[in-house]
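We count residues from 1, following the sequence as given.
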Amino acid sequence: MAAAGLKAAGGSVWKSGGVGLQLVAAAASTHSCASKGSGDGRAGCSQPRAHQHQSAGHSPPPPPPSLNGKVKRAGDSSHAATAPLGSPVEGVDTKSYLWARYHEMKKLVYDLLPPGVCSLLNPAAIYANNEISLGDVEIYGFDYDYTLAQYSNLLHSMIFNTARDILIEQFKYPEGLRKYEYIPGFAIRGLHYDVHKGPSIKQFMDIFSLPEMTLLSSVTDYFMTHNIEYDQVHLYKDISDAIKDVHVKGMMYKWIEKDMEKYILHGDETYAVLNRLVNHNKKLFLITNSPFSFVDKGMKHMVGKNWRDLFDMVIVQADKPNFFTDRRKPFRKMDEKGSLHWDKISKLEKGKIYKQGNLFDFLRLTGWRGSKVLYFGDHLYSDLADLMLRHGWRTGAIVPELETEIRIINTEQYMHSLTWQQALTGLLERMQMYQDAESRQVLLEWMKERQEIRSLSKNLFNPQFGSIFRTFHNPTYFSRRLIRFSDIYMASISCLLNYDVNFTFYPRRTPLQHEAPLWMDQLCTGCMKTPFLEEMVHIR
């Protein structure tokens with residue numbers, strides 16, 4: 001039902017692509033070729049190949065005789081002159097010629113993609129936006145939530161249900177809202193909500209914002225379904241306040257502390273990463289907005305009771321991103337019971353806990369500056385942007401969605417759909433010179449098929465909004481911010497275990513539009529020709 005809410009919102013919810021803000025319809029595609037993923041989001045390689053085109057009422061004629069990529073003119077002998085591709089065969093109508101080219105191109109696509117194409121990308125790999133050598137990194141810093149600690153979708157359900165009940169019981173919203181439940185996978189990060197019809201746009205870049213977006217859509221759906229007038233500014237404020245209550249009043253912390261096995265994922269991998277870095281004489285620090293008691297219990301669960309021995313510095317309730325920009329808040333030392341000491345901090349000691357503070361004092365007291373520091377976080381703004389732009393630290397983005405997206409990209413269905421779409425686009429571009437009535441009808445059928453393939457590919461990731469990284473051929477706003485604010489990115493910090501501590505990451509050269517002809521028209525997806533790719537596939 002939340003999906004209907006986004007559709008009904010009539011222009012309020014946006015996904016930002018490469019050219020301004022693009023409105024994204026909420027309804028899922030009903031195209032018969034769309035496949036449904038398995039419940040855990042893992043896509044296999046057994047999907048059917050892209051469907052063969054069947055034009056209405058007839059079968060396209062077979063391709064004309066050809067030799068080495070050139071079409072022979074009618075009546076020529078085998079050694080006679082040939083016409084370049086793009087020229088119709090003498091005596092063959094252009095409609096037949098266009099369909100012949102179509103089928104030749106489709107066969108080429110199938111011949112191009114080798115067996116095993118489904119394992120090209122590794123979900124456990126680290127991807128580089130900038131060249132970075134881990135051998136130059138002496139100090140590793142970490143955020144806590146969704147960086148050291150990964151949470152299950154059950155947490156989002158609890159946040160959604162509690163905020164929904166706050167709307168009903170405290171803000172006196174309609175009781176009928178209780179029928180709405182959280183839909184995992186409904187929303188994606190990087191969406192924008194139009195709060196003031198243009199002048200004010202809210203960006204949802206936080207993983208914790210997924211329940212908020214779903215609740216916003218659900219309430220909108222209820223109001224529009226029941227023909228209830230509402231003001232979208234006040235609606236957004238009420239929902240934002242309800243979600244904030246869940247965090248500020250500590251409800252989320254209590255749920256997690258009560259049942260850590262239920263909510264915290266991959267704790268053993270977190271311990272393995274931290275322990276390995278310490279064994280290679282790296283310094284570690286933690287800067288988080290969460291309170292110490294919550295972090296302490298979570299780290300004891302994942303790492304052990306002596307987790308603080310691994311860190312040279314622990315800073316809690318840091319108030320990021322203000323921690324990175326505001327010089328006013330001083331550091332305060334905390335004791336084991338969480339009580340504050342009010343003496344002036346002249347040095348930051350190993351094993352001690354500090355509250356608030358600011359990065360400028362942190363740099364002054366530690367001397368940890370520049371590219372020898374690598375900091376990991378999940379929020380592109382609150383965690384990474386200022387560190388990279390203002391202070392020259394190296395940054396690593398944790399993007400849990402990456403694992404699922406790569407598994408989808410690795411499916412045979414996606415790879416064939418993408419490559420055929422590229423080829424079909426090239427055909428449309430080259431064959432648009434034929435403008436007789438029958439040729440135009442063929443081109444229209446190709447355009448329709450191309451749009452169906454684009455919708456199918458989008459729906460493989462998310463029926464409402466597609467991929468977190470791409471809006472059709474453009475990178476999303478989230479993707480562009482990821483490239484701008486992170487040197488490397490990965491699904492979780494456990495990916496570090498797959499690389500030597502002195503490993504150097506090199507970014508791949510990706511084509512600009514004026515560099516792209518070989519990618520687009522010759523059907524090479526780029527990754528097929530990457531040297532040593534097969535060796536990288538076997539990481540982990």
Side-chain angles (χ1 to χ4, degrees), residues 1-3 5-6 39-41 143-189 191 193 202 204-222 235-267 270 288-302 316-317 378-379 382 398-401 403-404 462 464 492:
M1 291 191 179
L6 279 184
D40 63 357
D143 179 36
Y144 180 72
D145 296 302
Y146 282 107
T147 300
L148 292 178
Q150 295 284 343
Y151 301 119
S152 68
N153 279 329
L154 294 172
L155 180 60
H156 289 174
S157 295
M158 290 290 289
I159 294 172
F160 176 93
N161 292 339
T162 304
R164 177 201 62 199
D165 293 346
I166 289 173
L167 285 178
I168 296 170
E169 295 164 11
Q170 298 182 24
F171 292 71
K172 307 305 178 184
Y173 273 57
E175 186 68 29
L177 288 173
R178 290 196 197 275
K179 69 179 181 180
Y180 290 88
E181 299 289 341
Y182 180 68
I183 307 172
F186 166 72
I188 63 173
R189 279 199 288 169
L191 299 182
Y193 182 75
K202 165 64 178 178
F204 291 102
M205 303 295 275
D206 189 356
I207 298 177
F208 280 127
S209 66
L210 296 175
E212 182 176 357
M213 288 185 276
T214 308
L215 184 57
L216 190 60
S217 303
S218 299
V219 177
T220 301
D221 177 72
Y222 182 88
L235 174 63
Y236 168 74
K237 185 179 185 304
D238 288 345
I239 291 174
S240 180
D241 287 345
I243 291 285
K244 190 181 297 183
D245 268 3
V246 176
H247 294 278
V248 172
K249 293 182 178 179
M251 300 179 195
M252 183 188 76
Y253 301 136
K254 292 177 182 176
W255 302 330
I256 296 173
E257 290 174 9
K258 186 176 180 180
D259 195 345
M260 292 189 182
E261 290 287 347
K262 182 178 179 180
Y263 292 109
I264 296 181
L265 307 173
H266 316 306
T270 299
T288 176
N289 286 348
S290 293
F292 172 69
S293 60
F294 172 70
V295 174
D296 184 48
K297 291 174 183 176
M299 291 298 289
K300 284 178 178 176
H301 171 76
M302 293 186 290
V316 298
Q317 292 177 269
D378 68 287
H379 199 297
S382 296
I398 304 301
V399 188
E401 301 94 333
E403 180 176 0
T404 298
N462 179 290
Q464 288 73 240
S492 72

For the pair Leu154 and Met158, evaluate side-chain contact (heavy atoms from CB on, under 4.5 Å) and give the outcome as yes or no after the intermediate values. CA-CA 6 Å; Leu154 294 172; Met158 290 290 289; 5.7 Å; no
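- Residues Met302 and Leu148 come closest through the heavy atom pair SD-O, 3.6 Å.
- Ser152 contributes a side-chain N or O that, together with a main-chain N or O of Lys262, makes up a donor-acceptor pair within less than 3.5 Å.
- Remark: of the listed residues Ile398, Leu155, Val399, Asp378, Asp378 is the sole one forming a side-chain contact (heavy atoms from CB on, under 4.5 Å) with Ile207.
- Between the CD1 atom in Ile188 and the CE atom in Met213 there is a gap of 8.0 Å [rounded to 0.5 Å].
- The heavy-atom pair separating Asn153 from Pro184 by the smallest distance is ND2-CB, 4.0 Å.
- Atoms OG1 and CD1, on Thr214 and Ile183 in that order, are 7.0 Å from each other to the nearest 0.5 Å.
- Atom OG1 of residue Thr270 and atom NE2 of residue His301 lie 9.5 Å apart, to the nearest 0.5 angstrom.
- The side chain to side chain donor-acceptor pair (under 3.5 Å) contacts involving residues 236-256 comprise Tyr173-Asp238, Lys237-Asp241, where partners must be two or more places apart or lie in separate chains.
- Ser218 and Leu177 make their closest contact through O-CD2, 4.5 Å (heavy atoms, listed as atom of the first residue, atom of the second, distance).
- Closest of all the heavy-atom pairs between Ile166 and Ala242 is CD1-O, 3.8 Å.
- Contact record, Ile168 with Pro174: CG1-O, 3.6 Å, taken as the closest heavy-atom pair.
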Trace of the side-chain contact (heavy atoms from CB on, under 4.5 Å) decision for Asp165 with Arg178: CA-CA 7 Å; Asp165 293 346; Arg178 290 196 197 275; 2.9 Å; yes
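- Rounding to the nearest 0.5 Å places CG of Asp143 at 9.0 Å from OG of Ser382.
- Aromatic ring orientation, His156 versus Tyr146: tilted (interplanar angle from 30° to 60°).
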Give the C-alpha distance, both sets of side-chain angles, the deciding distance and a yes or no for side-chain contact (heavy atoms from CB on, under 4.5 Å) between Phe186 and Leu210. CA-CA 8 Å; Phe186 166 72; Leu210 296 175; over 6 Å; no
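- At least one side-chain heavy atom of Arg189 sits under 4.5 Å from a side-chain heavy atom of Pro400.
- At distances below 3.5 Å, not a single donor-acceptor pair connects side-chain atoms of Asp206 with backbone N or O atoms of His379.
- Without hydrogens or angle criteria, Asn161 side chain to Ser157 main chain gives a donor-acceptor distance under 3.5 Å.
- Note: Glu257 CD to Ser293 OG = 5.5 Å, rounded to the nearest 0.5 Å.
- Atom-to-atom distance recorded for Ile256:CD1 and Asp145:CG is 6.5 Å, nearest 0.5 angstrom.
- Pro211 and Ile159 make their closest contact through CB-CG2, 3.9 Å (heavy atoms, listed as atom of the first residue, atom of the second, distance).
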Test side-chain contact (heavy atoms from CB on, under 4.5 Å) applied to Arg164 and Glu181, step by step: CA-CA 9 Å; Arg164 177 201 62 199; Glu181 299 289 341; 3.8 Å; yes
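- Screening Met260, His266, Glu261 against Ile264 for a side-chain contact (heavy atoms from CB on, under 4.5 Å) leaves a single residue, Met260.
- Considering only residues two or more places apart in sequence or on other chains, Tyr144 meets the ring pair (Phe, Tyr, Trp, His ring centres under 6.0 Å) condition with Phe294.
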